[in-house]
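Working notes, structure below.
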Number of protein chains: 2
Amino acid sequence: MNELVSQASERLRSQGGRMTSQRRLLLSILDSLGEHPTAEELLLIARKQDPDLNLSTVYRTLRWLEAENLVSTRLFAEGRRQERFDAALPSEHHHFICTRCKNVIEFDTDLLDEIKTQFQDSSGASVDTGSIELYGLCPDCRQRSIVQETGMEVG
Amino acid sequence: MNELVSQASERLRSQGGRMTSQRRLLLSILDSLGEHPTAEELLLIARKQDPDLNLSTVYRTLRWLEAENLVSTRLFAEGRRQERFDAALPSEHHHFICTRCKNVIEFDTDLLDEIKTQFQDSSGASVDTGSIELYGLCPDCRQRSIVQETGMEVG
DNA sequence: ATAATTATTGCAAATGATTTGCAATAAGGG
DNA sequence: CCCTTATTGCAAATCATTTGCAATAATTAT
Ligand SMILES: [Mn+2]
Ligand SMILES: [Mn+2]
Ligand SMILES: [Zn+2]
Ligand SMILES: [Zn+2]
């Protein structure tokens, strides 16, 4: 049984909820999938194992996970205003989004703490969380655009 | 005539577009308003001067401004997935959002450049833009929550 | 000025994403 | 195995935004 499923089971138990086959399926997919699926994408994957699974169940499960802080919800500016769900358990990490191919690369930095402190000190607010999004060209797209513009390879 | 209006006029001229009364009104509001209105909020303000103005005109104007890089569009995670429009001309700045009262405070930092460089160097991507969102309690809400929990004032 | 051209508007209907009400189903405690 | 009621699937509703189209108005040419 994977991490998310057991985490969730525990919380369900403590709040009189029930671990259903639908939830178990969705949780196990979320746990193993190293991506940021939309609700639809998650549904499509899950339907390979449970063809009757319904989209509203997917949403209800995701919203519950969100409330339990077991997934975070992101709106990468990819044109759409469709939510993507990030099951990486509460490790604070950030995202680079390629403006050409929309690929997402996760990254980490310890400089955000400094920014938080900087802002707290200058404003009097108290900062809990923070997230950074970077936009640009991923290594592949960058390579391609250089080749296209100059005919040259890059080192 | 304010900055946004003249900027926009210029661009419209160069692309065979027309400066209409609706656009002039919306632009002047956006230019003076120091906030991040939604399309609806902007409509409500504008209707004080032009009661017949339509929401689709507001959206069309905002989308054009977006394409011209004269406004940026943000989706602060305030529960809603409604877009907010930021007319602050292309100065790169960031946002703190109070999780209690949803107030937004803008801030600046030079540490993001370091983060960009750090990521570029380690990944091989090229980063164009980036944005930071911080979440927590604004000074007022923080004050209130301390008073409420401890009965004490804070220095 | 006046007329001709066509970008832009207001309106209504369409779309895309997510949410909700409700009757039927199925966890899980006794 | 039975009960209670949390959860599901389905359909309809809602929210935010977009689109088609005929009417209108900003420019340009006369
Ligand atoms: Mn992630
Ligand atoms: Mn801003
Ligand atoms: Zn790419
Ligand atoms: Zn606040």
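As the structure is a computational prediction, the values presented were derived from the model and not from experiment. Worth knowing before you read on, the calculation uses all heavy atoms, side chains too, and leaves out hydrogens, waters and symmetry mates. To find a chain, count down the sequence lines: A is the first, B the second, and so on, and within it residues start at 1.
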Tell me whether the side-chain N/O atoms of B:N54 come closer than 4.0 Å to OP1 or OP2 in C:dT9.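 Checking B:N54 against C:dT9: no side-chain N or O falls below 4.0 Å of OP1 or OP2.
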At under 4.0 Å, does any side-chain N or O of A:R63 touch on OP1 or OP2 of C:dT19?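 For C:dT19, OP1/OP2 do have a side-chain N/O of A:R63 under 4.0 Å.
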Find the distance [X]:[atom1] to [N]:[atom2] and express it as a whole number of Å.
{"X": "A:L62", "N": "D:dT7", "atom1": "CG", "atom2": "P", "result": "15 Å"}
{"X": "B:Q15", "N": "C:dA7", "atom1": "CD", "atom2": "C1'", "result": "12 Å"}
{"X": "A:L53", "N": "D:dT7", "atom1": "CG", "atom2": "P", "result": "15 Å"}
{"X": "A:Q82", "N": "D:dA16", "atom1": "CD", "atom2": "P", "result": "17 Å"}
{"X": "A:W64", "N": "D:dT8", "atom1": "CH2", "atom2": "P", "result": "11 Å"}
{"X": "B:R23", "N": "C:dT9", "atom1": "CZ", "atom2": "C1'", "result": "10 Å"}
{"X": "A:L25", "N": "C:dA27", "atom1": "CG", "atom2": "C1'", "result": "17 Å"}
{"X": "B:L55", "N": "C:dA13", "atom1": "CG", "atom2": "P", "result": "16 Å"}

Can you list every ring pair (Phe, Tyr, Trp, His ring centres under 6.0 Å) pair that touches residues 20-49 of chain B, not counting sequence neighbours?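 Ring pair (Phe, Tyr, Trp, His ring centres under 6.0 Å) check on residues 20-49 of chain B returns B:H36-B:F76, B:H36-B:H95.
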Show the atom names and distances, to 0.1 Å, of all donor-acceptor pairs under 3.5 Å that link a side chain in residues 23-31 of chain B to residues at least two apart or in another chain.
| from | atom 1 | to | atom 2 | distance (Å) |
| --- | --- | --- | --- | --- |
| B:R23 | NH1 | B:R18 | O | 2.8 |
| B:S28 | OG | B:R24 | O | 3.4 |
| B:S28 | OG | B:L25 | O | 2.9 |

By nearest heavy atom, map B:E40 and A:L12 onto DNA chain D; which one lands nearer the 5' end?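 Of the two residues, A:L12 wins.
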Would A:I105 and A:L112 show up in the same hydrophobic cluster when neighbours are defined by side-chain heavy atoms closer than 4.5 Å?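 Yes; tracing contacts between hydrophobic side chains, which count when under 4.5 Å, links both residues.
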Looking at B:E83 and B:R63, does any basic side-chain N land under 4.0 Å from a carboxylate oxygen?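 Result for this pair is yes, salt bridge flagged.
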Side-chain ion pair, A:E133 and A:R74, N-O less than 4.0 Å: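 Salt bridge between A:E133 and A:R74, a charged N being under 4.0 Å from a carboxylate O: yes.
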For nucleotides 19-30 of chain D, just jot down a letter per nucleotide in 5' to 3' order: B, S or -, based on protein non-hydrogen atoms under 4.0 Å. BB----BBS---
Suppose we call two aromatic rings close when their centres sit under 6.0 Å apart. Are B:F107 and B:F96 close by that rule?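 Between B:F96 and B:F107, which both carry aromatic rings, the centre distance is not below 6.0 Å.
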